[in-house]
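Comments concern the structure below.
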Amino acid sequence: MFKKIFSETSKSLKDIFLFASYSHKIPQSLLFNILPYQNLRIRIDTFLTDKFKNKFSQKNHKKIDSYDKAKKEGIFLNQNFFSEKKVNYIKDICNDLIENHENHNISIDDGGNLEKNSNSFSKYYYLPNYKTELTEKVKNLYDALFENKFLIDQLSFLAGIKFKKDEISVHISIVKGKLLSDDWHSDCFCHTAKGFLYLGDVNKKNSPFCFLKNSHSNTNLKMLIESENSKSILSKNKDDVQKKSGDDIWNKLKYSNYAKKVLSDSSAVECSFPKGTLITCDTSGFHKKGFSDGSEERFMVGFVGVRGTMYQKLKSTFFKQ
């Protein structure tokens, strides 16, 4: 009994301490799964993100139509974001970095996407942070990727945080076949941003990125799904939630009682586009890796904006950057 009381007290204190942290995805304590802990976090995050988006749109009035559309849909689709010459240049650097990754301080894993005993392929090559000491090849890649300021602008707008280059992690990925990310899922309760640059043509058979437009914006529905998911995770396993993988914590739409509502209120887009396409989206909305028949690889560069804290969104929204 004493052990249970101590554990619950410890988890409750941790929930309080990490309330403003977006890396703390769901409450760990029974107390804050009963109280509207997550609902309050979602409402605060939505308020701050919406305020930031309005401020950002006003400062970028020439692009206001595209920003208004992305605010509603949760996604920017930028075909031909880079010229063929530029994307070939980026692709050549990526191939060289993959082949000689040990010389460039690049870490590798499977992205947590492989099913057990799977014949599928998944490799993620994570570049060192922009602010660290970089090799010439890595620096050249960063320079090429961030040459167009609209990449960072779009990620900032979607997440509600004015990002700097070192607040965006970059990876190169090659995937093929069926992965755990093939199901509709949401990454996090807060508005957050990811980007995907296609280095090769992507069609219906080689894992097109898919997104449910508008699924990021229904606050009341998001609160219901978050509550459902966190209670499900705690009931299955009482272990420390923070030690679980992303796949364990994702909101999986197929397990939700609100799946039909989400699907009826959303519009699915399958991003089967040519190389040079950049997709940026709010991954608090439901998304997935599309179908792959295992015959072709999907080769791309990925961008992940730091989730940070509510304080960062507060600073981005109400103070000059």
Side-chain angles (χ1 to χ4, degrees), residues 75-115 118-128 130 134-135 137-148 150-151 154-155 168-182 187 193-211 246 269-281 283 287-305:
I75 188 170
F76 288 94
L77 299 174
N78 310 273
Q79 293 192 56
N80 302 311
F81 188 79
F82 287 115
S83 67
E84 184 171 0
K85 181 179 179 180
K86 177 54 69 70
V87 78
N88 284 337
Y89 171 72
I90 292 170
K91 185 176 180 180
D92 287 343
I93 296 177
C94 288
N95 279 320
D96 185 73
L97 291 176
I98 288 171
E99 187 175 347
N100 302 287
H101 60 270
E102 66 278 359
N103 299 325
H104 299 283
N105 196 25
I106 291 173
S107 57
I108 309 172
D109 66 28
D110 65 7
N113 281 322
L114 287 175
E115 295 181 331
S118 172
N119 292 321
S120 301
F121 181 83
S122 176
K123 282 288 184 184
Y124 283 67
Y125 300 83
Y126 297 92
L127 272 60
Y130 182 80
L134 306 174
T135 62
K137 283 281 185 182
V138 174
K139 187 178 185 305
N140 289 342
L141 180 57
Y142 272 121
D143 288 344
L145 293 172
F146 292 125
E147 179 183 60
N148 189 327
F150 292 123
L151 168 55
Q154 289 179 11
L155 292 172
I168 298 171
S169 66
V170 179
H171 63 266
I172 306 163
S173 71
I174 305 174
V175 302
K176 182 172 70 172
K178 184 173 176 57
L179 305 178
L180 292 171
S181 54
D182 289 6
D187 287 353
K194 287 184 178 180
F196 312 94
L197 172 64
Y198 288 170
L199 298 180
D201 295 342
V202 175
N203 57 53
K204 292 178 178 293
K205 294 184 178 181
N206 69 328
S207 312
F209 177 75
C210 301
F211 188 81
V269 56
E270 178 189 88
C271 300
S272 295
F273 297 127
K275 70 178 182 180
T277 296
L278 173 72
I279 301 152
T280 57
C281 63
T283 53
H287 57 285
K288 67 177 181 177
K289 181 189 77 62
F291 171 76
S292 170
D293 63 5
S295 62
E296 296 180 49
E297 296 175 341
R298 185 188 70 186
F299 189 21
M300 70 181 190
V301 177
F303 308 88
V304 183

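When a residue number appears, it is its place in the shown sequence, counting from 1.
With values rounded to the nearest 0.5 angstrom, I279 atom CD1 is found 12.0 Å from F81 atom CZ. Interatomic distance, L151 CG to I168 CD1, rounded to the nearest 0.5 Å: 6.0 Å. How far NE2 of H101 is from CD1 of I108: 3.5 Å, rounded to the nearest 0.5 Å. Put simply, OH on Y124 and CD1 on I172 are 12.5 Å apart, with the number rounded to the nearest 0.5 Å. Here NZ of K178 is found 13.5 Å from CG of D293. Values are rounded to the nearest 0.5 Å. Between the CZ atom in F303 and the CG atom in L127 there is a gap of 9.5 Å [rounded to 0.5 Å].
Side chains of C210 and V269 form no contact here, defined as non-hydrogen atoms less than 4.5 Å apart. Between Y89 and N140, the closest side-chain pair of non-hydrogen atoms falls below 4.5 Å. Side-chain contact between V138 and I93 is absent, with no heavy atoms from C-beta onward closer than 4.5 Å. Looking only at side-chain heavy atoms (C-beta outward), P128 and I106 come within less than 4.5 Å of each other. Looking at K204 and F291, their side chains never come closer than 4.5 Å, going by heavy atoms from C-beta outward. Within the 4.5 Å cutoff, the side chain of D143 has no heavy atoms near those of the L141 side chain. Considering only heavy atoms from C-beta on, K275 stays 4.5 Å or farther from L199 through its side chain. Contact check for D110 versus K123: no side-chain heavy atoms found under the 4.5 Å cut-off.
Contact between G294 and K176 at its shortest, heavy atoms only, is O-CD, 3.2 Å. Minimum heavy-atom separation, Q154 to L278: OE1-CD2, 4.3 Å. The two atoms that bring S120 and G177 nearest to each other are OG-C, 3.5 Å, heavy atoms only. Minimum interatomic distance between F209 and I75 (heavy atoms only, all atoms of both residues): CE2-CD1, 4.4 Å. Contact between I90 and A144 at its shortest, heavy atoms only, is CG1-CB, 3.9 Å.
Within 6.0 Å of atom CD in E84, 12 or fewer heavy atoms from other residues, nucleotides or ligands are found, so the atom counts as exposed in its surroundings. The environment of E102 atom CD is dense: over 12 non-hydrogen atoms of other residues, nucleotides or ligands sit within 6.0 angstrom.
In this structure, the side chain of N206 does not engage the main chain of S292 through any donor-acceptor pair within 3.5 Å. Here the side chain of Y198 pairs a donor or acceptor atom with the backbone of C271 at under 3.5 angstrom. Judged purely by atom type and a 3.5 angstrom limit, N78 has no side-chain atom pairing as donor or acceptor with the backbone of T277. Distance alone, capped at 3.5 Å, places no donor-acceptor pair between the N95 side chain and the D92 backbone.
If you check the side chains of S181 and K289, you find no donor sitting under 3.5 Å from an acceptor. Side-chain N/O atoms of N100 and K137 include no donor and acceptor closer than 3.5 Å.
Ring geometry for H171 against Y126 counts as tilted: the plane angle lies between 30° and 60°, on a 0 to 90° scale.
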- prompt: Step by step, would you call V301 with V170 a side-chain contact (heavy atoms from CB on, under 4.5 Å)?
  reply: CA-CA 7 Å; V301 177; V170 179; 3.6 Å; yes
